[in-house]
Colleague: 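Here it is, the structure in full.
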2 protein chains.
Amino acid sequence: MVELYTSQLDTVFHALGDATRRRMLLELAAGERTVGQLAEPFAMSLAAASKHIKVLESAGLIRREVRGRTHLCRLEPGPLATAHEWLSFYERFWNRRLDVLERLLREEDARNASDPKQAPEGDDK
Amino acid sequence: MVELYTSQLDTVFHALGDATRRRMLLELAAGERTVGQLAEPFAMSLAAASKHIKVLESAGLIRREVRGRTHLCRLEPGPLATAHEWLSFYERFWNRRLDVLERLLREEDARNASDPKQAPEGDDK
DNA sequence: GTATAATTCAACCATATGGTTGAATATAGA
DNA sequence: TCTATATTCAACCATATGGTTGAATTATAC
């Protein structure tokens with residue numbers, strides 16, 4: 001499973017590495033938008049916004065439907081889910097730390113609650 | 001909450017947008033590694049790998065402890081969790097789609113099970 | 001103290017990125 | 001058909017990125 005989607009993760013994470021594009025994605029999560037609507041909040045040329053949209057599109061994060069002279073964009077959640085899943089790997093590490101923390105707290109509790117001597121169950125390997 | 005960590009997300013997602021750096025992170029999830037150990041699997045100069053490590057470091061994804069002449073690196077899961085959380089926004093969208101799908105399937109079931117007429121509870125607004 | 005090992009620094013290079021502007025394309029509307 | 005709207009294209013620019021090589025730094029080992 002690890003590093004199977006390599007180039008897709010490259011393009012997806014790269015696309016996410018820009019605040020403009022992240023804002024666009026959030027906007028699209030609320031519903032479909034035209035290129036002009038997506039560009040409107042930003043202080044940049046339409047051509048620049050158009051490039052951002054193309055980055056999102058070629059990362060597979062959005063789909064575009066040409067409707068007459070306007071282009072309707074909609075979010076494509078698949079690649080986001082892929083990135084999300086990849087990122088989950090850290091939870092193994094994170095949870096391991098939380099487990100350690102939890103054990104330490106439990107030991108602390110036991111020490112305070114029962115008696116002032118050392119808690120016997122402390123296997124501090 | 002949205003776009004509060006802006007510049008951190010920029011650097012974190014940028015750091016993740018490279019397969020070399022993602023491999024390094026996975027390696028570090030298994031335990032701490034020196035710069036040399038991190039660089040070893042890659043067909044690139046040590047200086048290049050060192051740059052990658054610095055990118056991970058300035059994104060806050062790893063911490064470095066200088067131990068004598070070797071530098072020990074360890075994973076810092078906080079920023080990964082932040083990125084993971086940001087990515088969760090899409091689940092709202094995703095779940096909405098699943099909800100719609102589920103509702104449609106339920107309606108379909110109801111139609112087939114009870115009688116061949118239109119199911120009355122179909123509020124297809 | 002000198003050699004060796006681990007790592008960074010500095011200079012350099014090719015290519016990518018994110019922005020601009022002005023022209024081009026294509027559709028909609030009068 | 002003429003005009004306005006929505007969007008892209010092309011050329012250009014400054015800066016960032018990812019890589020190289022060779023020298024510098026720093027700590028260990030003998």
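Only heavy atoms go into these numbers, but all of them, side chains included; no hydrogens, no water, no symmetry mates. Below, chain A is the first sequence line, B the second, and so on; all start at residue 1.
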Colleague: Using atom types as modelled and distance alone, determine if a side-chain donor or acceptor of A:T70 lies under 3.5 Å from a backbone N or O of A:V66.
Modeller: no
Colleague: Which residues pass the side chain to side chain donor-acceptor pair (under 3.5 Å) test with B:E40, sequence neighbours left out?
Modeller: none
Colleague: Give a yes or no on whether the backbone of B:L46 and the side-chain of B:S50 come within a donor-acceptor separation of less than 3.5 Å.
Modeller: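 Not confirmed, B:S50 side chain does not pair with B:L46 backbone.
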Colleague: I want to confirm an ordering. Mapping B:A47 and A:L46 to their closest nucleotides on DNA chain C, which one lands closer to the 5' end?
Modeller: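 Counting from the 5' end, the first nearest nucleotide belongs to B:A47.
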Colleague: Let me know, please, whether A:S45 or A:H14 comes out on the 5' side of the other along DNA chain C by nearest nucleotide.
Modeller: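 Going by which nucleotide is closer to the 5' end, it is A:H14.
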Colleague: Which nucleotide wins on minimum distance to the side chain of A:K54, given the candidates D:dT8, D:dC9, D:dA6?
Modeller: D:dC9
Colleague: Is there a side-chain contact between A:S50 and the phosphate of D:dT8, meaning an N or O under 4.0 Å from OP1 or OP2?
Modeller: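 Indeed, a polar side-chain atom of A:S50 lies that close.
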Colleague: Quick check for you: among C:dG19, D:dG18, C:dG18, whose closest atom lies nearest to any side-chain atom of A:H52?
Modeller: C:dG19
Colleague: Counting only side-chain heavy atoms from C-beta out, which of C:dG19, C:dA5, C:dT7 sits nearest to A:A48?
Modeller: C:dG19
Colleague: Remember a base hit wins even if backbone is also touched, and classify B:T20 as base, sugar-phosphate or nothing at under 4.0 Å, heavy atoms.
Modeller: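 The answer is nothing, as B:T20 stays clear of every strand by at least 4.0 Å.
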Colleague: Within the structure, does a side-chain N or O atom of B:K51 lie under 4.0 Å from either OP1 or OP2 of C:dC9?
Modeller: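 No, B:K51 has no side-chain N/O under 4.0 Å of OP1/OP2 on C:dC9.
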Colleague: Ignoring hydrogens and angles, tell me if any N or O in the side chain of A:R21 forms a donor-acceptor pair with the backbone of A:A15 under 3.5 Å.
Modeller: yes
Colleague: From D:dT5, C:dT8, C:dT7, pick the nucleotide closest to the side chain of A:R69?
Modeller: D:dT5
Colleague: Would you say B:R21 places a side-chain N or O within less than 4.0 Å of OP1 or OP2 belonging to D:dG18?
Modeller: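 Yes.
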Colleague: Which part of the nucleic acid does B:R67 contact within heavy-atom distance under 4.0 Å: base, sugar-phosphate only, or nothing?
Modeller: nothing
Colleague: Counting only side-chain nitrogens and oxygens, does B:H71 get under 4.0 Å of the OP1 or OP2 atom of C:dA6?
Modeller: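 Negative; the distance criterion is not met.
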